[in-house]
Enquirer: 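I have a structure I would like to understand better, so I am pasting it below and will then ask my questions one at a time.
By convention in this document, chain letters (A, B, ...) are assigned in the order of the sequence lines, proteins followed by strands, and residues within each chain are numbered from 1.
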Amino acid sequence: MNPIPDIKRFVLRALLRLNGIPWPDALLDDAVRQALLPRPLQSDINEAKRELERTGYIQGSRDELDEAPTWTLTDKGRHKAKQLG
Amino acid sequence: MKMPRTSKLERQAKRLQERLLRQIALGARQCKELERRFGKNPPPELETLIKLHRVLILKFSQEAQAAPRLFSLVKDLMKPVMDWARLQEQRQQRELAEKKYRDQVEARTATAARGSKDGALRPETLEKIERELNLL
(Lines give C-alpha, C1' and ligand atoms only; values in the text may rest on other atoms or scores of the structure.)
Protein backbone atom coordinates (compact mmCIF):
# COMPACT_ATOMS: atom_id res chain seq x y z
CA MET A 1 0.00 0.00 0.00
CA ASN A 2 1.31 3.47 -0.89
CA PRO A 3 2.01 5.37 2.32
CA ILE A 4 2.69 8.73 0.68
CA PRO A 5 -0.90 10.09 0.75
CA ASP A 6 -1.13 9.26 4.48
CA ILE A 7 2.18 10.98 5.13
CA LYS A 8 1.08 14.06 3.24
CA ARG A 9 -2.20 14.23 5.11
CA PHE A 10 -0.44 13.95 8.45
CA VAL A 11 2.14 16.60 7.58
CA LEU A 12 -0.57 19.08 6.57
CA ARG A 13 -2.62 18.41 9.70
CA ALA A 14 0.43 18.75 11.95
CA LEU A 15 1.61 21.97 10.32
CA LEU A 16 -1.85 23.43 10.77
CA ARG A 17 -1.61 22.76 14.50
CA LEU A 18 1.77 24.45 14.61
CA ASN A 19 -0.05 27.62 13.65
CA GLY A 20 2.75 29.25 11.70
CA ILE A 21 5.66 28.00 13.78
CA PRO A 22 8.31 26.63 11.39
CA TRP A 23 8.70 22.87 11.81
CA PRO A 24 12.30 21.67 11.79
CA ASP A 25 12.80 19.06 9.10
CA ALA A 26 14.31 16.46 11.44
CA LEU A 27 11.39 16.78 13.86
CA LEU A 28 8.91 16.47 11.01
CA ASP A 29 10.52 13.21 9.91
CA ASP A 30 10.50 11.99 13.49
CA ALA A 31 6.83 12.79 13.96
CA VAL A 32 5.84 11.08 10.71
CA ARG A 33 7.68 7.92 11.76
CA GLN A 34 5.77 7.95 15.06
CA ALA A 35 2.41 8.80 13.58
CA LEU A 36 2.05 6.10 10.97
CA LEU A 37 1.93 2.34 11.09
CA PRO A 38 3.76 0.64 9.63
CA ARG A 39 6.62 3.06 10.03
CA PRO A 40 7.26 4.74 6.71
CA LEU A 41 10.61 4.67 5.01
CA GLN A 42 12.67 7.85 4.94
CA SER A 43 12.50 7.75 1.16
CA ASP A 44 8.70 7.83 1.35
CA ILE A 45 8.79 10.72 3.79
CA ASN A 46 11.15 12.63 1.51
CA GLU A 47 8.93 11.93 -1.48
CA ALA A 48 5.85 13.17 0.40
CA LYS A 49 7.61 16.41 1.37
CA ARG A 50 8.81 16.93 -2.20
CA GLU A 51 5.31 16.46 -3.56
CA LEU A 52 3.79 18.80 -1.00
CA GLU A 53 6.38 21.46 -1.84
CA ARG A 54 6.08 20.95 -5.58
CA THR A 55 2.29 21.28 -5.47
CA GLY A 56 2.53 24.41 -3.34
CA TYR A 57 1.12 23.17 -0.04
CA ILE A 58 4.24 23.69 2.06
CA GLN A 59 7.29 25.90 1.81
CA GLY A 60 10.80 25.35 3.06
CA SER A 61 13.10 27.78 4.77
CA ARG A 62 16.30 27.85 6.82
CA ASP A 63 16.31 28.41 10.56
CA GLU A 64 18.19 31.56 11.57
CA LEU A 65 19.80 29.85 14.52
CA ASP A 66 21.37 26.79 12.94
CA GLU A 67 20.50 26.97 9.22
CA ALA A 68 18.51 23.75 9.53
CA PRO A 69 15.64 23.36 7.05
CA THR A 70 12.15 24.11 8.36
CA TRP A 71 8.66 23.81 6.90
CA THR A 72 5.51 25.91 7.06
CA LEU A 73 2.16 25.83 5.30
CA THR A 74 1.39 28.04 2.35
CA ASP A 75 -2.05 29.63 2.13
CA LYS A 76 -3.07 26.82 -0.19
CA GLY A 77 -1.71 24.30 2.31
CA ARG A 78 -3.57 25.92 5.19
CA HIS A 79 -6.81 25.76 3.27
CA LYS A 80 -6.27 22.10 2.47
CA ALA A 81 -5.22 21.26 6.02
CA LYS A 82 -8.39 22.85 7.42
CA GLN A 83 -10.44 20.61 5.12
CA LEU A 84 -8.60 17.60 6.53
CA GLY A 85 -9.24 18.72 10.08
CA MET B 1 -21.84 -2.06 -0.04
CA LYS B 2 -20.22 -3.04 3.23
CA MET B 3 -17.17 -1.05 4.31
CA PRO B 4 -14.19 -3.16 5.36
CA ARG B 5 -13.76 -3.33 9.12
CA THR B 6 -10.95 -1.26 10.47
CA SER B 7 -8.27 -3.50 11.93
CA LYS B 8 -7.09 -3.17 15.49
CA LEU B 9 -3.73 -1.93 14.21
CA GLU B 10 -5.37 0.76 12.11
CA ARG B 11 -7.46 1.94 15.07
CA GLN B 12 -4.36 2.00 17.24
CA ALA B 13 -2.45 3.95 14.61
CA LYS B 14 -5.29 6.46 14.32
CA ARG B 15 -5.42 6.97 18.10
CA LEU B 16 -1.67 7.44 18.22
CA GLN B 17 -1.77 9.92 15.40
CA GLU B 18 -4.54 11.98 16.98
CA ARG B 19 -2.68 12.03 20.28
CA LEU B 20 0.49 13.19 18.56
CA LEU B 21 -1.39 15.94 16.76
CA ARG B 22 -2.90 17.12 20.05
CA GLN B 23 0.55 17.27 21.62
CA ILE B 24 1.95 19.17 18.67
CA ALA B 25 -0.88 21.68 19.03
CA LEU B 26 -0.17 21.99 22.77
CA GLY B 27 3.52 22.54 22.12
CA ALA B 28 2.78 25.19 19.54
CA ARG B 29 0.46 27.03 21.95
CA GLN B 30 3.18 27.04 24.60
CA CYS B 31 5.72 28.43 22.12
CA LYS B 32 3.31 31.12 20.98
CA GLU B 33 2.49 32.09 24.58
CA LEU B 34 6.13 32.57 25.51
CA GLU B 35 6.94 34.47 22.33
CA ARG B 36 3.86 36.67 22.75
CA ARG B 37 5.03 37.64 26.23
CA PHE B 38 8.41 38.70 24.93
CA GLY B 39 6.84 40.76 22.18
CA LYS B 40 7.70 41.03 18.51
CA ASN B 41 11.24 42.31 19.10
CA PRO B 42 12.75 40.52 22.05
CA PRO B 43 16.13 41.65 23.38
CA PRO B 44 18.90 40.06 21.30
CA GLU B 45 20.25 38.21 24.31
CA LEU B 46 16.90 36.44 24.63
CA GLU B 47 16.35 35.59 20.99
CA THR B 48 18.60 32.56 21.07
CA LEU B 49 17.00 31.29 24.26
CA ILE B 50 13.53 31.71 22.79
CA LYS B 51 14.53 29.77 19.69
CA LEU B 52 16.06 26.99 21.76
CA HIS B 53 12.94 26.88 23.86
CA ARG B 54 10.89 26.47 20.71
CA VAL B 55 13.00 23.56 19.47
CA LEU B 56 12.83 21.84 22.87
CA ILE B 57 9.08 22.22 23.14
CA LEU B 58 8.50 20.95 19.62
CA LYS B 59 10.83 18.03 20.26
CA PHE B 60 9.09 17.11 23.50
CA SER B 61 5.66 17.49 21.98
CA GLN B 62 6.55 14.53 19.79
CA GLU B 63 7.72 12.37 22.69
CA ALA B 64 4.37 10.68 23.10
CA GLN B 65 4.89 9.23 26.54
CA ALA B 66 6.93 11.88 28.24
CA ALA B 67 5.48 15.10 26.88
CA PRO B 68 3.42 16.35 29.85
CA ARG B 69 6.32 16.09 32.29
CA LEU B 70 8.81 17.55 29.85
CA PHE B 71 6.54 20.48 29.00
CA SER B 72 6.44 21.38 32.70
CA LEU B 73 10.19 21.04 32.94
CA VAL B 74 10.83 23.38 30.04
CA LYS B 75 8.28 25.84 31.39
CA ASP B 76 10.08 25.81 34.77
CA LEU B 77 13.43 26.32 33.07
CA MET B 78 12.13 29.42 31.36
CA LYS B 79 10.71 31.00 34.53
CA PRO B 80 13.96 32.77 35.56
CA VAL B 81 14.30 34.08 32.01
CA MET B 82 10.74 35.42 32.09
CA ASP B 83 11.38 37.05 35.49
CA TRP B 84 14.56 38.65 34.20
CA ALA B 85 12.77 39.94 31.09
CA ARG B 86 9.99 41.40 33.25
CA LEU B 87 12.54 43.18 35.47
CA GLN B 88 14.30 44.57 32.41
CA GLU B 89 11.03 45.94 31.10
CA GLN B 90 10.23 47.55 34.46
CA ARG B 91 13.72 49.09 34.60
CA GLN B 92 13.29 50.56 31.11
CA GLN B 93 9.90 52.00 32.01
CA ARG B 94 11.31 53.55 35.17
CA GLU B 95 14.24 55.08 33.27
CA LEU B 96 11.82 56.49 30.71
CA ALA B 97 9.65 58.03 33.44
CA GLU B 98 12.72 59.56 35.12
CA LYS B 99 13.92 61.05 31.85
CA LYS B 100 10.49 62.46 31.18
CA TYR B 101 10.43 64.09 34.61
CA ARG B 102 13.93 65.57 34.14
CA ASP B 103 12.87 67.00 30.78
CA GLN B 104 9.78 68.54 32.35
CA VAL B 105 11.82 70.13 35.16
CA GLU B 106 14.28 71.57 32.64
CA ALA B 107 11.46 72.97 30.57
CA ARG B 108 9.84 74.53 33.63
CA THR B 109 13.16 76.04 34.76
CA ALA B 110 13.74 77.50 31.32
CA THR B 111 10.21 78.91 31.25
CA ALA B 112 10.62 80.38 34.72
CA ALA B 113 13.92 81.98 33.79
CA ARG B 114 12.31 83.55 30.71
CA GLY B 115 9.34 84.66 32.82
CA SER B 116 11.41 86.49 35.41
CA LYS B 117 13.30 88.33 32.64
CA ASP B 118 10.29 89.74 30.83
CA GLY B 119 7.97 90.11 33.79
CA ALA B 120 5.75 87.12 33.04
CA LEU B 121 4.96 84.40 35.58
CA ARG B 122 7.17 84.26 38.67
CA PRO B 123 8.56 80.84 39.69
CA GLU B 124 6.37 80.82 42.80
CA THR B 125 3.29 81.47 40.71
CA LEU B 126 4.30 78.81 38.23
CA GLU B 127 4.77 76.28 41.04
CA LYS B 128 1.40 77.15 42.48
CA ILE B 129 -0.25 76.62 39.11
CA GLU B 130 1.53 73.31 38.63
CA ARG B 131 0.55 72.10 42.11
CA GLU B 132 -3.03 72.91 41.37
CA LEU B 133 -2.78 71.07 38.10
CA ASN B 134 -1.03 68.25 39.96
CA LEU B 135 1.93 68.22 37.61
CA LEU B 136 4.55 68.01 40.34
Enquirer: Pro38(A) versus chain B, heavy atoms under 4.5 Å apart: side chain, backbone, both or neither?
Expert: neither

Enquirer: Does any heavy atom of chain A fall under 4.5 Å from the side chain of Arg54(B), the backbone, both, or neither of them?
Expert: side chain

Enquirer: Below 4.0 angstrom, N of the basic side chain to O of the carboxylate: do Asp75(A) and Arg78(A) qualify?
Expert: yes

Enquirer: Does the structure place the NZ or CZ of Lys80(A) under 6.0 Å from the centre of the six-membered ring of Tyr57(A), at an angle of no more than 45° from the ring's axis?
Expert: no

Enquirer: Against chain B, work out which of Pro22(A), Ala26(A), Gly20(A) has the most heavy-atom pairs shorter than 4.5 Å and name it.
Expert: Pro22(A)

Enquirer: Side-chain donor-acceptor pair under 3.5 Å between Gln90(B) and Arg94(B), yes or no?
Expert: no

Enquirer: With respect to chain B, which residue among Ala14(A), Pro24(A), Ala35(A) yields the maximal number of heavy-atom pairs within a distance under 4.5 Å?
Expert: Ala35(A)

Enquirer: Any carboxylate oxygen within less than 4.0 angstrom of a Lys/Arg side-chain nitrogen, looking at Glu33(B) and Arg36(B)?
Expert: yes

